[in-house]
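These notes are about the structure you will find just below.
Numbered from 1 within each chain, the chains take letters A, B, ... in sequence-line order.
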Number of protein chains: 2
Amino acid sequence: MKISKNLGAIRHRIAIVSGKGGVGKSTVTAGIAYNLARSGLKVGILDADVSGPNIPHLLNVEAEKMQVSQEGLLPVIAAYGIKIASAESLVESSDTPIVWRGPMRSSLINQFLADMLWGELDYLLVDLPPGTGDEPLSIMQTIPLTGLVIVSTPSSLSILDVSKIINMAKTMNVRVIGMVENMAYYECPGCHEKVYPFGKGNVKALSDKYQLRLIGQMPLDPLNTGKDIITSDDSPAVRMTAEITRTIEDLL
Amino acid sequence: MKISKNLGAIRHRIAIVSGKGGVGKSTVTAGIAYNLARSGLKVGILDADVSGPNIPHLLNVEAEKMQVSQEGLLPVIAAYGIKIASAESLVESSDTPIVWRGPMRSSLINQFLADMLWGELDYLLVDLPPGTGDEPLSIMQTIPLTGLVIVSTPSSLSILDVSKIINMAKTMNVRVIGMVENMAYYECPGCHEKVYPFGKGNVKALSDKYQLRLIGQMPLDPLNTGKDIITSDDSPAVRMTAEITRTIEDLL
């Protein structure tokens, strides 16, 4: 009741999911949010990965802490006014673990939904933890989602786990907007040979099998060297999700 | 009570953990198990990743289902007699999602501990899901672990999340045997240039910071093409964990 009232001024609610961790879900979420916000839209991100929150780090606001006002919780503000709710912004330092069982994690997410002062938004993106556990279940049950964006690498393990989340979405009657293939290939910086370390065509085959749209392919960036933080309009994560962002806007 | 009796004939209990998903934790677990079993030791794997179980797939027994006898649950048997308990071996097909909340997932793990007919084992390896949620907490609280093996890639997000799990282990007084660096580098199949896509030296720096031993480095295999299943003694996952397995044995 309180949640639907609090989310009442939000036009689109999109969850970014994957069956497996480490496929770049948070990077895709941060990149899409940045591209949307840069084009003048009002954007919020709910980082629903309570025990491995990465959004504040990726959007370069790791040091900021969440504030409380009389009206409710105040999101942390990143570039172009992106509003962020994340467990990371509650703990003192980034190496502090949040050792919470499922019910406590779900209750924090509910608080982010009910008490966070989101205000008017064009997009609320929800970055879900991998798998089909407490958080995806809570989000799919609690808020009316516009749809899901599914991220997968071509590795057989990622494909295996993603098919589980596709079936979960089906069971819960949530629309899948499309699939993003990440770490699709890399180009050797030396000889420019294109290499497909996790296989070629696997994500396309999966999206065909379930009649889902493949809305983008992102390469493994050999020059990334672990620096995935978005610091400017020219950051790799922003460039690689620009086209995907436009496709999502077109599909809604 | 029942658990400690059931695990009474197990010499070493090692959990393989990571802060973040997709860093190769299950591949490392399967590889170490295979190497131990091949050398004549009795090995079991508890796949504690209930909502993203990958061990049966990696050890090529995905089609096998778990059986029940009058005495208890019978593990699925893989190469060299490796005994496997996994949620994957309970569901009908590999794309069936297990949409369970934390308490149910923990209760399945407890059943694997209490009712699985492990018998006499030299090693029980526990493959934990990423993060600091229900399953790592349950395992660390329920069974006396010989120690943890922590897997990380050099990416800044993996490093961020791994430092959380190191602090969780400290808080719960669990020994860290050592750290494994995965996806450390790759060699271009064309020009043989060595590339460090996630950065160089990050995992070494982290292990130094927490005074942990770096027990191995594994490359990103450009010829893997997504085929990570272990089918023979010569499979990449087996070769890449052979040295790490020996180091772990020496350290215990």
Can you say whether [X] sits under 4.5 Å from chain A via the side chain, the backbone, both, or neither, judging by heavy atoms?
X: S94(B); value: both
X: D161(B); value: side chain
X: S138(B); value: both
X: E62(B); value: side chain
X: V99(B); value: both
X: P53(B); value: both
X: L58(B); value: side chain

> Between I98(A), D134(A), V23(A), which has the largest tally of heavy atom pairs under 4.5 Å with chain B?
Replying inline: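 Result: the option with the highest number of such pairs is D134(A).
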>> Counting heavy-atom pairs under 4.5 Å with chain B, which one of P97(A), G22(A), G52(A), G102(A) comes out on top?
In response: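 Going by pairs under 4.5 Å, I would pick P97(A).
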> Of all of S18(B), G21(B), S158(B), G19(B), which one pairs up most often with chain A through heavy atoms under 4.5 Å apart?
Replying inline: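 Of the options given, most contacts go to G21(B).
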> Looking at V162(B), T171(B), T132(B), T96(B), which has the largest count of heavy-atom pairs under 4.5 Å with chain A?
Replying inline: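 Heavy-atom pairs under 4.5 Å are most numerous for T132(B).
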If you round to the nearest 0.5 Å, how far is [atom2] of [Y] from [atom1] of [X]?
X: S93(A); Y: K164(B); atom1: OG; atom2: NZ; result: 8.0 Å
X: I159(B); Y: H57(A); atom1: CD1; atom2: NE2; result: 10.0 Å
X: L160(A); Y: E88(B); atom1: CG; atom2: CD; result: 5.5 Å

> Which bit of Y185(A) is near chain B, if near means a heavy-atom gap under 4.5 Å: side chain, backbone, both or neither?
Replying inline: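 No part of Y185(A) comes within 4.5 Å of chain B.
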> Of all heavy-atom pairs between G133(B) and R105(A), which one has the smallest distance, and what is that distance?
Replying inline: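 In terms of heavy atoms, the two residues are closest at CA-NH1, 3.5 Å.
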> Which atom names give the shortest non-hydrogen contact between S51(B) and G131(A), and what distance separates them?
Replying inline: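 So the minimum-distance heavy-atom pair works out to OG-CA, 3.8 Å.
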>> Does R213(A) have more than 12 heavy atoms from other residues, nucleotides or ligands lying within 6.0 Å of its CZ?
In response: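 Counting other residues, nucleotides and ligands, CZ of R213(A) stays at 12 neighbours or fewer.
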> Got more than 12 heavy atoms from elsewhere within 6.0 Å of CD, Q211(A)?
Replying inline: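 No.
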>> Counting C-beta onward and ignoring hydrogens, is there a side-chain heavy-atom pair between K209(A) and D95(B) closer than 4.5 Å?
In response: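 K209(A) reaches D95(B) side chain to side chain.
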